[in-house]
Q: 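Once you've had a glance at the structure underneath, I'll fire off some questions.
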Amino acid sequence: TTCHPLGDHHHYRHHHPLFLLSFLISMTKMKSFIQSAAQSAKDVAQKAKEAAKEASINAKEAAKETYNKIKDRDGGGGEDKRVFGVFVGPDVGIPPVMNLCVHHLDYVGLEFEGLFRKSGSIAQMNEFKARFDRGEAIEFEKDIDPHIVAGLLKMYVREYPEPLLTFELYDCFLAAVASTRDVETKIPKIKQVIQLLPPHNLLIVRYLMSFLRRVSKQSQLNMMTPANLAIVVAPNLLRPPYDGDEGLGIMMEDTPYANELLQLFVVHYDSLFGVSKKSNDNRNSSINNNNTTTTTSTSITTTEISEDPQKIQTKPLS
């Protein structure tokens with residue numbers, strides 16, 4: 001009986017000693033390569049984690065150094081009174097710029113279409129920024145373009161020395177969002193990361209998210225749903241601890257997760273920040289609608305958090 005050539009070939013490949021030896025050597029090399037690649041990936045991940053932690057520490061140290069320099073200076077002509085791009089100490093509470101902008105927008109109403117999405121006058125925003133940095137007492141006229149005030153608030157958050165959600169927790173927040181598609185499962189994971197924020201950061205983020213939720217509740221008029229707010233606010237609160245093209249590339253890749261995180265902050269504010277709906281939505285009926293200005297002085301006052309935006313108290317700086 002004559003064997004089919006393919007039959008002989010098949011028999012040779014699977015039973016010839018040299019083939020078996022070659023196969024075993026190949027498998028050993030492949031196993032070694034896979035183990036080496038896995039270890040390399042683990043090393044890269046560890047180095048990235050260490051670099052992120054170091055960047056966070058460096059940013060915090062630089063911010064604290066800047067704050068301490070300003071705090072220690074006397075009242076001479078060289079005194080640095082900047083408030084934009086400067087770390088705010090825990091004793092200050094809610095940053096006065098943020099407090100003024102939020103109170104003004106709450107006062108004039110949140111129904112303006114495209115709030116935080118549409119840009120106000122850049123020149124006027126820069127003028128207000130310069131005045132804040134000179135330590136002037138700022139007044140917003142009642143009829144000022146609300147997009148200028150919203151833009152100023154967004155500018156302040158964007159220029160903070162370190163993102164309010166911190167470099168250190170960047171990966172943790174995104175991992176909590178990406179961990180599952182089930183929202184009910186995500187919420188406790190995100191809340192765990194929120195609780196890792198420095199207390200002062202948590203105070204500010206909670207205050208800002210409470211305000212953004214009020215904005216979103218007027219979305220039928222201002223068109224700023226939680227999703228739309230997340231698109232324009234997320235990049236100012238959450239950034240990777242890398243500069244240049246590398247940081248930009250990572251940020252672009254992670255944008256869907258960052259946007260979802262901010263959207264969940266707004267929609268699930270009560271669950272994530274532990275505040276009752278009743279206390280957050282309560283509005284003080286004693287607002288005097290005949291007033292034409294809202295006023296604060298960044299050089300003499302600070303604020304304490306309150307879920308009712310009209311009940312935030314001011315106290316003199318010591």
Q: Please walk me through it: do M155 and I122 pass side chain to side chain contact (heavy atoms under 4.5 Å, CB included)?
A: CA-CA 10 Å; M155 180 189 293; I122 301 298; over 6 Å; no
Q: If the test is side chain to side chain contact (heavy atoms under 4.5 Å, CB included), which one of D254, V177, V193 qualifies with L261?
A: V177
Q: Set out, in order, the CA-CA distance, both residues' side-chain angles and the distance that settles salt bridge (charged side-chain N to carboxylate O under 4.0 Å, His left out) for E162 and R239, then state yes or no.
A: CA-CA 9 Å; E162 182 185 24; R239 298 191 301 276; over 6 Å; no
Q: In terms of side-chain heavy atoms, does R214 have a donor or acceptor partner in S210 at a distance below 3.5 Å?
A: yes
Q: Taking a hydrophobic cluster as the set of Ile, Leu, Val, Met, Phe, Trp and Tyr residues connected by side-chain heavy atoms closer than 4.5 Å, whether directly or through intermediates, do M223 and V267 fall within one such cluster?
A: no
Q: Salt-bridged, E136 to K81, with N to O below 4.0 Å?
A: no
Q: Can you find a pair of side-chain heavy atoms, one from F211 and one from D106, that are under 4.5 Å apart?
A: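 They are in side-chain contact.
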Q: Can you give me the closest heavy-atom contact between L174 and A258, atom names plus distance?
A: CD2-N, 3.8 Å
Q: I'd like to know whether CG of D182 has more than 12 heavy-atom contacts from other residues, nucleotides or ligands below 6.0 angstrom.
A: yes
Q: Strictly distance-based, threshold 3.5 Å: is any side-chain N or O of N201 a donor or acceptor partner for the main-chain N or O of L164?
A: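 Indeed, once roles are kept as given, a pair shorter than 3.5 Å links the two residues.
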Q: What are the two closest non-hydrogen atoms of L105 and P146, and how far apart are they?
A: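 Reported closest heavy-atom pair: CD2-O, 3.8 Å.
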Q: Provide the closest heavy-atom pair for G85 versus P161 in the form atom of the first, atom of the second, distance.
A: O-CG, 3.6 Å
Q: Who passes side chain to side chain contact (heavy atoms under 4.5 Å, CB included) against Q218, sequence neighbours left out?
A: L110, E111, L221, N222
Q: Evaluate the side-chain proximity of E260 to K186: yes if any heavy-atom separation is below 4.5 Å, no if none is.
A: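 Contact flag for K186/E260 side chains = yes.
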Q: Tell me whether M251 is reachable from I231 by hopping between hydrophobic residues (I, L, V, M, F, W, Y) whose side-chain heavy atoms are closer than 4.5 Å.
A: no
Q: Within a strict 4.5 Å, meaning less than it, do heavy atoms of the P95 and I204 side chains meet?
A: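 Yes. Closest side-chain heavy atoms under 4.5 Å.
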Q: Do you reckon V102 sits in the same ILVMFWY cluster as I144, going by side-chain contacts under 4.5 Å, direct or chained?
A: yes
Q: To the closest 0.5 Å, what do you measure between NE2 (H268) and CZ (R213)?
A: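 Spacing of NE2 (H268) from CZ (R213) equals 11.5 Å.
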Q: For the residue pair I148 and M125, what are the closest heavy atoms and their distance?
A: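 Heavy atoms only, the tightest pair is O-CG, 3.6 Å.
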Q: Under the criterion side chain to side chain contact (heavy atoms under 4.5 Å, CB included), I'd like the reasoning laid out for Y269 against L212: C-alpha separation, chi angles, the key distance, then a yes or no.
A: CA-CA 10 Å; Y269 175 84; L212 292 180; over 6 Å; no
Q: So which heavy atom on S216 is nearest to which on T225, and how close?
A: CB-C, 4.5 Å
Q: Can a salt bridge be assigned to the pair K118 and D145 using a cut-off of 4.0 Å between side-chain N and carboxylate O?
A: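 Result for this pair is no, no salt bridge flagged.
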Q: Just say parallel, tilted or perpendicular for the rings of Y160 and F87, cut-offs at 30° and 60°.
A: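 Aromatic pair Y160/F87 classed tilted.
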Q: Can you hop from V183 to Y257 via hydrophobic side chains spaced under 4.5 Å?
A: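 Yes, because V183 and Y257 connect within a single hydrophobic cluster, where side-chain heavy atoms sit under 4.5 Å apart.
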Q: Report the C-alpha distance between K189 and I194 in whole Å, list the side-chain angles of each, state the deciding distance to 0.1 Å, and finish with yes or no for side chain to side chain contact (heavy atoms under 4.5 Å, CB included).
A: CA-CA 9 Å; K189 294 183 178 181; I194 289 174; over 6 Å; no
Q: Near Q195 CD, under 6.0 Å, is it more than 12 heavy atoms from other residues, nucleotides or ligands?
A: yes
Q: Looking at side-chain heavy atoms only, is the closest gap between L169 and L238 below 4.5 Å?
A: no
Q: Let me see the working for L165 and Y170 under side chain to side chain contact (heavy atoms under 4.5 Å, CB included), right down to the final yes or no.
A: CA-CA 7 Å; L165 295 180; Y170 177 84; over 6 Å; no
Q: Taking ring pair (Phe, Tyr, Trp, His ring centres under 6.0 Å) as the criterion, tell me which of Y156, F84, F140 meets it with F128.
A: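 Considering Y156, F84, F140, a ring pair (Phe, Tyr, Trp, His ring centres under 6.0 Å) with F128 is found only for F140.
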Q: To the nearest 0.5 Å, what is the distance between CG (L203) and CD1 (I94)?
A: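 The CD1 atom of I94 is 4.0 Å from CG of L203, to the nearest 0.5 Å.
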Q: Provide the closest heavy-atom pair for L115 versus M224 in the form atom of the first, atom of the second, distance.
A: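 Scanning both residues, the minimum pair turns out to be O-CG, 3.2 Å.
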Q: Begin with the C-alpha distance, continue with both residues' side-chain angles, and end with the deciding distance and a verdict on ring pair (Phe, Tyr, Trp, His ring centres under 6.0 Å) for F273 and F265.
A: CA-CA 8 Å; F273 295 94; F265 276 5; 5.5 Å; yes
Q: Side chains of Y107 and K142, heavy atoms from C-beta outward: is any pair under 4.5 Å?
A: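 When only atoms from C-beta onward are counted, K142 and Y107 do touch, with a gap below 4.5 Å.
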Q: When hydrophobic residues are tied together by side-chain contacts of less than 4.5 Å, even through go-betweens, does L196 share a cluster with L208?
A: yes
Q: Rounded to the nearest 0.5 Å, what separates atom OG1 in T166 from atom CG in L197?
A: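 Between T166 OG1 and L197 CG, I get 5.5 Å after rounding to 0.5 Å.
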Q: Got I138 and H104 here, is their nearest side-chain heavy-atom distance under 4.5 Å?
A: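 No. Closest side-chain heavy atoms not under 4.5 Å.
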Q: Does K129 pair with E159 as a salt bridge, N-O distance under 4.0 Å?
A: yes
